[in-house]
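Since the model is a prediction, treat every value here as computed from it, not as a measurement. Order of listing sets the numbers, starting from 1, for every ligand and every atom in it. Keep in mind that the numbers below use all heavy atoms, side chains included, and drop hydrogens, waters and symmetry copies.
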Amino acid sequence: MIRVKLGKNVLEANDDMAGKLKEQYKKHNIKVINLIGSPGSGKTSILERTLPEISKKFNVAVIEGDILTSRDADRIKRLNVPAVQIQTGGSCHLDAGMVGRALGKVELSRLDLIIIENVGNLVCPACFDLGEDAKVVVASVAEGSDKPAKYPVIFNRAKVCILNKMDLLPYSNFSLDEFYKDIKHVNPGLRVFEVSSLKEQGLGGWLEWLEGLVADGGKEN
Ligand SMILES: Nc1nc2c(ncn2[C@@H]2O[C@H](COP(=O)(O)OP(=O)(O)OP(=O)(O)O)[C@@H](O)[C@H]2O)c(=O)[nH]1
Ligand SMILES: [Mg+2]
């Protein structure tokens, strides 16, 4: 009983803070993506393919969430894209307070888009609003096709799913039929883009969707 109450209070406090973040994003006309997926599903690899393209049209910054290390932020900075690393020190998700503090380290007035790469986890990040315009869930062929059925909350709350590592399809028992059947059940409106970030394949639809989101109110160069 007490555990339920505490959980509710934590989420309510987070929602209050997320509301403040939303106001900040709106004031500066910035679109925000919350990228969520299992460890190793390819979130940073997708960013490494996405950022060089989206940066041609829009000013982007990345907020990276990890338990330890700044390795993902270092990968993003190599692309000359501003990146702030949040080290949660153990927490399995980012919360709105952490993101609020990270925002102090980016130049909001010149940005059109912030992409937040959440801590690798399909469970907790789904419940913590970061004030984003869209949650994007990254699944991968290597994880198996049953993930939408087993982790329905994130697949339900996401606007887009990137199914990564499609190059591994011939070498795995991943069933596209099962994957899409479960998605239809959990979130029939979910847009799915099948990609291989390794082989740079299938990224066009995703980039088009992202550019469309930012152009809808962005400060185009
Ligand atoms: N075969 C294949 N491997 C990929 C693909 N995308 C990423 N990888 C590999 O998967 C591994 C994990 O990729 P990351 O991009 O670091 O994954 P991540 O989701 O950011 O991982 P965390 O931040 O630790 O949660 C790396 O070895 C990548 O090279 C892909 O499309 N195909
Ligand atoms: Mg990563």
Side-chain angles (χ1 to χ4, degrees), residues 32-55 60-95 98-99 102 113-128 130 132 134-148 150-151 153-155 157-158 160-176 179 191-207 209-210:
V32 179
I33 295 290
N34 185 359
L35 203 57
I36 295 172
S38 306
S41 53
K43 299 177 292 300
T44 313
S45 302
I46 288 163
L47 287 180
E48 287 172 326
R49 300 301 185 200
T50 301
L51 293 167
E53 296 306 316
I54 196 88
S55 299
V60 191
V62 172
I63 295 176
E64 285 287 351
D66 266 310
I67 289 174
L68 267 183
T69 89
S70 296
R71 292 183 187 187
D72 282 0
D74 292 344
R75 284 167 68 180
I76 301 303
K77 284 179 192 165
R78 271 180 228 134
L79 305 168
N80 291 320
V81 171
V84 180
Q85 181 77 51
I86 299 172
Q87 292 178 4
T88 66
S91 175
C92 56
H93 59 272
L94 293 177
D95 65 36
M98 295 174 193
V99 171
L113 172 66
I114 296 174
I115 304 181
I116 303 168
E117 179 184 338
N118 219 309
V119 180
N121 183 349
L122 275 179
V123 186
C124 313
C127 298
F128 284 80
L130 306 179
E132 67 271 357
K135 288 179 176 51
V136 171
V137 60
V138 177
S140 83
V141 164
E143 293 160 46
S145 33
D146 56 358
K147 295 303 164 285
K150 291 179 73 178
Y151 302 90
V153 178
I154 182 55
F155 283 88
R157 294 186 180 174
V160 163
C161 170
I162 300 177
L163 177 57
N164 190 33
K165 307 197 186 181
M166 283 298 287
D167 56 290
L168 297 180
L169 198 60
Y171 315 104
S172 77
N173 63 354
F174 188 95
S175 160
L176 283 170
F179 186 76
R191 295 282 304 271
V192 183
F193 299 111
E194 297 175 6
V195 314
S196 166
S197 56
L198 185 74
K199 305 278 182 193
E200 294 189 58
Q201 284 164 358
L203 290 151
W206 152 245
L207 286 168
W209 178 86
L210 185 60

Undergrad: Working to the nearest 0.5 angstrom, can you tell me the gap between Ile116 CD1 and Asn34 CG?
TA: 5.5 Å

Undergrad: Can you find a protein heavy atom closer to atom 27 (O) of ligand 1 than 4.0 Å?
TA: no

Undergrad: Between Glu117 and ligand 1, which part of the residue brings a heavy atom under 4.0 Å of the ligand: side chain, backbone, both or neither?
TA: side chain

Undergrad: Any N/O of Gly40 closer than 3.5 Å to an N/O of ligand 1?
TA: yes

Undergrad: Indicate the atoms forming the closest heavy-atom contact of Ile67 with Gly90, along with that distance.
TA: CG2-N, 3.5 Å

Undergrad: Can you list the ligand 1 atoms lying under 4.0 Å from a non-hydrogen atom of Leu168?
TA: 1 (N)

Undergrad: Between CG of Asp72 and CG of Asp66, what distance do you get to the nearest 0.5 Å?
TA: 4.5 Å

Undergrad: Which pair of non-hydrogen atoms, one from Leu94 and one from Asn118, has the smallest distance, and what is that distance?
TA: N-OD1, 3.0 Å

Undergrad: In the protein, which heavy atom is nearest to atom 16 (O) of ligand 1, and how far is it?
TA: Arg75 NH1, 2.9 Å

Undergrad: Does Asn164 approach ligand 1 within less than 4.0 angstrom via side chain, backbone, both or neither, non-hydrogen atoms only?
TA: side chain

Undergrad: With heavy atoms of Asp167 as the reference, note each atom of ligand 1 found under 4.0 Å away.
TA: 1 (N), 2 (C), 30 (C), 31 (O), 32 (N)

Undergrad: Specify the protein heavy atom at minimum distance from atom 31 (O) of ligand 1: its residue, its atom name, and the distance to 0.1 Å.
TA: Ser197 N, 3.0 Å

Undergrad: Distance from Ser45 atom OG to Ile162 atom CD1, nearest 0.5 Å?
TA: 11.5 Å

Undergrad: Short check: any N/O/S atom of Thr44 below 2.8 Å from the Mg ion (ligand 2)?
TA: yes

Undergrad: With side chain to side chain contact (heavy atoms under 4.5 Å, CB included) as the test, would you mind laying out the steps for Val141 and Asp167 before giving the verdict?
TA: CA-CA 8 Å; Val141 164; Asp167 56 290; over 6 Å; no

Undergrad: Of Lys165, Lys43, Gln201, which has the heavy atom at the shortest distance from atom 10 (O) of ligand 1?
TA: Lys165

Undergrad: Output yes if Glu117 passes the N/O/S-under-2.8 Å test against the Mg ion (ligand 2); output no otherwise.
TA: yes

Undergrad: For residues Cys92 and Cys124, report the shortest heavy-atom separation together with the two atoms involved.
TA: SG-SG, 3.1 Å

Undergrad: Answer yes or no as to whether an N/O/S atom of Asp72 is found below 2.8 Å from the Mg ion (ligand 2).
TA: yes

Undergrad: Please could you name the atoms of ligand 1 that Gly42 approaches to less than 4.0 Å, counting only its heavy atoms?
TA: 13 (O), 14 (P), 15 (O), 17 (O), 18 (P), 19 (O)

Undergrad: Could any protein non-hydrogen atom be found less than 4.0 Å from atom 12 (C) of ligand 1?
TA: yes

Undergrad: Heavy atom under 4.0 Å from ligand 1: found in Asp72's side chain, backbone, both, or neither?
TA: side chain

Undergrad: For Ser91 and Met98, run side chain to side chain contact (heavy atoms under 4.5 Å, CB included): C-alpha distance rounded to whole Å, both residues' side-chain angles, the deciding distance at 0.1 Å, then the answer.
TA: CA-CA 11 Å; Ser91 175; Met98 295 174 193; 4.2 Å; yes

Undergrad: Just by distance, with hydrogens left out, do Thr44 and Glu117 show a side-chain donor and acceptor under 3.5 Å apart?
TA: yes

Undergrad: Nearest non-hydrogen atom to atom 14 (P) of ligand 1 belongs to which of Gly120, Ser45, Pro39?
TA: Ser45

Undergrad: May I ask whether Ser41 has any heavy atom positioned less than 4.0 angstrom from an atom of ligand 1?
TA: yes

Undergrad: For the residue pair Phe174 and Phe179, does the interplanar ring angle fall in the parallel (under 30°), tilted (30 to 60°) or perpendicular (over 60°) class?
TA: tilted

Undergrad: Could you give the distance from CZ (Arg78) to CG (Asn80), rounded to the nearest 0.5 Å?
TA: 11.5 Å

